[in-house]
Every structure is written in C-alpha cells, then in structure tokens.
Amino acid sequence: MKISKNIITAALLTAGVTGLYGCRNTSGTVVKTDHLTGTSSIIEENGRLAHQVDVVNIAYDEVNGLKRAHITMQSNRNRRLRVDYRICWFDINGMEIDPQTKTYRNQILEGRDTVTVTGVANSPAAVSSKLRIRETSQAE
Amino acid sequence: MKKSVFPLGLLCGAMILSGCATRISEVPLDRTAATTRIEPQDIRRTVEKMVESLLVAPGVKEFVSGRRPVLDVEPMQNRTTQHIDMASLTESVRMQLLRSGMFRFVDRSSTGTAAVDVERINQENQLGLVDASKAVKAGHQTALDMYLTGTLSEIKNVTGRTTDQYYKFSMSLKDLKTGELVWADEQEIRKASTRPVVGW
C-alpha cells in the first residue's frame with residue numbers, strides 16, 4: 001500500500017509539473033510616453049522581470065518630422081539576460097498606428113549592463129509611444 | 001494495490017496517447033527562433049529596423065525637405081544558400097516606407113511592369129472605346145529621383161554538433177541624378193544551434 005501511495009504522489013507531481021509548464025507569464029514592463037506633454041509612466045506587471053530589469057531613463061526627440069523614443073534598460077543580474085521589446089505608436093486619438101509593422105525585437109543584456117533601445121514612429125501622426133518588455137524565455 | 005495501479009495505468013496511457021495527436025495553434029508573429037534559418041520574425045525585425053534607420057538618416061532629411069521624392073525599390077538580392085522570397089521582403093520595405101508618407105513610389109524594377117504599362121496604354125488607345133481627349137498618352141509617367149537596393153548574405157560555420165549561422169542584410173539609397181549614396185545601413189542576425197548527442 002505504501003508503494004502505491006508513492007506512485008500516486010509521483011504521478012501527481014508529474015502531472016503538476018506538466019500542467020505548470022504550459023503556464024507562461026508573458027506580462028512585462030510597460031513604459032508609456034506622451035511626446036506632446038513629455039510625461040512618462042512605468043508599469044511593472046511582472047514581478048520577476050521587474051527585479052531583473054530596471055528602466056533607468058526615458059528620452060524622446062523628433063527627426064524628419066517623426067517622433068523618436070530612447071529608453072534605457074539596466075540589468076540587475078550578473079548573468080546574461082535575454083528580453084524582447086516592442087515600441088508601438090499612437091495617434092492623438094489614442095489609436096495604435098499600423099500595429100502589424102512594429103515587432104518584438106530581441107535584446108541581450110550582459111550582466112549588470114545598461115542598454116538604450118530606440119524606436120521611431122511609423123507615421124508623422126504619432127504623438128505617444130508605448131514600450132513593452134517581456135522575457136524571451138516566456139515567448140513561444 | 002491492484003485497485004490503485006489500474007487508474008494510474010489508465011492515466012499514464014492517456015498522457016502518452018494525448019501526445020500522439022497533431023496539435024495546430026496560431027502562434028505570435030514574433031515568436032522565438034525555432035531554426036537557424038531565416039524565419040518570418042527575422043524578416044519582420046530587419047525590415048522594421050532598416051526602415052526606421054532610413055527615415056531618420058540625415059542625408060534623407062536633406063533630400064526630403066520640402067518635397068516628396070519619387071522612389072523605386074529594386075528587388076533585394078538573395079546571396080544566401082536558402083530559398084527566401086525576396087520579392088515579399090521588397091514589398092514589405094516598400095509598404096512601410098509608403099506608409100511613412102515621406103516618399104512617392106513608382107514600380108519600374110519589378111519584372112515586366114514597364115511592358116505592362118505600355119501595353120495597357122496602347123490597348124486603351126487602340127480599342128477606340130476611350131474618349132481621345134481623355135486617353136492617357138505615353139511619356140507622362142513620373143520621373144525617378146532615387147532608388148533603393150539591398151542584398152542578403154550569409155556565413156555558415158559547422159563545428160562538431162554546433163551550427164553557427166550569420167546573416168547580413170545591407171541596403172543603400174542612391175540619388176539617381178548625382179549618383180551619390182544618400183543612405184546605407186546593414187543589419188546582422190546570428191543564430192546558433194547544437195544537435196543533441198542522441199537524436200535523429
């Protein structure tokens with residue numbers, strides 16, 4: 001009877017691990033910037049990522065009539081860290097401009113390194129931007 | 001003992017059998033790399049980065065100021081050993097630049113475009129169905145100011161069980177009048193894969 005209990009425990013553990021493997025946390029850190037007023041906000045949705053990566057600087061400018069955002073990230077880990085980021089743009093009505101053309105890009109952060117990522121608006125109508133960072137390991 | 005083994009066997013059997021079914025699901029366009037080959041997400045990222053680089057280039061700013069130059073995007077050249085739909089890649093670049101509103105476009109580089117235009121104009125005029133005063137005459141198409149070219153090249157190294165694949169996507173924008181290069185940039189992609197010790 002003792003053996004069967006062990007088998008049941010092992011089976012339940014296996015099933016639990018298998019079930020948990022499918023639970024991917026794709027939430028991340030979001031940086032919203034209004035390029036007209038110059039206000040920015042940082043929303044940390046994923047506690048683990050928030051501990052690993054800090055957003056340390058947000059800057060913006062305009063080139064050839066297109067808004068541009070520069071966001072500086074800093075790794076708090078000693079090991080190499082892989083993250084994905086995407087910068088999307090919104091018009092004055094808050095509508096996202098051509099969402100299909102803005103993709104998630106890879107970024108490798110070496111231990112304790114600081115990296116600045118840049119995004120350029122895909123239209124002169126863009127007035128605000130949103131950067132979203134996610135863990136690469138959690139993406140499909 | 002026998003009673004507990006039976007449901008366990010059933011559970012294990014069900015778990016094994018569930019692995020046999022083909023699963024189909026939609027995946028994000030920006031999924032992580034699955035192979036060392038060029039994948040759709042690589043093309044999407046490269047096109048986006050290149051277009052962003054072109055739109056903010058100082059040389060382009062000088063050229064564009066106060067007007068919308070006419071641009072032609074030549075089909076990108078594939079210098080890799082892989083089959084990649086370069087026409088689709090070229091269209092993606094053209095589409096993103098078109099949406100920026102900074103340029104006007106003509107399509108002279110695509111194979112047969114000029115011949116088709118001439119044939120259509122001739123057809124319209126020869127059929128006699130069109131008002132002669134409104135008929136389109138040949139020789140009035142917009143002249144080209146600049147053209148964009150690009151190449152994709154690769155370097156592949158295999159060391160033991162590890163394959164290291166490097167891709168470089170280069171593009172340049174040339175002023176047709178002066179022959180000057182207004183902008184040039186390149187994007188690099190490097191991928192590596194390691195075969196398992198036991199596998200097939």
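Quantities reported herein were computed from a predicted structural model and do not represent experimental measurements. Lettering of chains follows the sequences in order, A, B, ..., and the numbering in each one begins at 1.
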Participant: State whether the number of non-hydrogen atoms from other residues, nucleotides or ligands found under 6.0 Å of Lys137(B) atom NZ is greater than 12.
Facilitator: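 Yes.
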
Participant: With a 4.5 angstrom heavy-atom cut-off, which part of Leu55(B) approaches chain A: side chain, backbone, both or neither?
Facilitator: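 When you check distances to chain A, atoms from both the backbone and side chain of Leu55(B) fall under 4.5 Å.
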
Participant: Checking Ala57(B) against chain A: side chain, backbone, both or neither under 4.5 Å from a heavy atom?
Facilitator: backbone

Participant: Return the CG to CG distance between Asp30(B) and Asn106(A), rounded to the nearest 0.5 Å.
Facilitator: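 The CG atom of Asp30(B) sits 9.5 Å away from the CG atom of Asn106(A).
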
Participant: With clusters defined by side-chain heavy atoms of hydrophobic residues (ILVMFWY) lying less than 4.5 Å apart, directly or transitively, does Tyr167(B) cluster with Met76(B)?
Facilitator: yes

Participant: Heavy-atom count around Lys49(B) NZ within 6.0 Å, excluding the residue itself: above 12?
Facilitator: yes

Participant: Starting at OG1 of Thr32(B), measure out to CZ of Arg82(A) and round the result to the nearest 0.5 Å.
Facilitator: 11.5 Å

Participant: What about Leu176(B) and Phe63(B), same hydrophobic cluster or not, with Ile/Leu/Val/Met/Phe/Trp/Tyr joined at side-chain heavy-atom distances under 4.5 Å?
Facilitator: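 The answer is no; the residues belong to distinct hydrophobic clusters.
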
Participant: Taking all atoms of both residues into account, what is the closest heavy-atom pair of Pro124(A) and Ser100(B), and its distance?
Facilitator: CD-O, 3.5 Å

Participant: What part of Val56(B) is in contact with chain A, defined as an atom under 4.5 angstrom from a non-hydrogen atom: side chain, backbone, both or neither?
Facilitator: both

Participant: Between Arg44(B) and Tyr104(A) (side chain of the first, backbone of the second, donor and acceptor by atom type, cut-off under 3.5 Å), is there such a pair?
Facilitator: no

Participant: Taking a hydrophobic cluster as the set of Ile, Leu, Val, Met, Phe, Trp and Tyr residues connected by side-chain heavy atoms closer than 4.5 Å, whether directly or through intermediates, do Val120(A) and Val64(B) fall within one such cluster?
Facilitator: yes

Participant: If we define contacts as heavy-atom pairs under 4.5 Å, which of Gln41(B), Gln96(B), Met95(B), Arg45(B) has the most with chain A?
Facilitator: Arg45(B)

Participant: Inspect the surroundings of NZ in Lys191(B) and state if more than 12 heavy atoms from other residues, nucleotides or ligands are less than 6.0 Å away.
Facilitator: yes

Participant: Most heavy-atom pairs under 4.5 angstrom with chain B, which of Gly119(A), Ala125(A), Ser123(A)?
Facilitator: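 The answer is Gly119(A).
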
Participant: Keeping to residues at least two apart or across chains, list the salt bridge (charged side-chain N to carboxylate O under 4.0 Å, His left out) pairs with something in residues 92-107 of chain A.
Facilitator: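 Passing the test, one end in residues 92-107 of chain A: Arg86(A)-Glu96(A), Asp98(A)-Arg99(B), Lys102(A)-Glu48(B), Lys102(A)-Glu52(B), Arg105(A)-Glu48(B), Arg105(A)-Glu52(B).
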
Participant: Go through Val63(A), Asn64(A), Ile97(A), Thr118(A) and name the one with the most non-hydrogen pairs under 4.5 angstrom from chain B.
Facilitator: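 Counting heavy-atom pairs under 4.5 Å, the top option is Asn64(A).
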
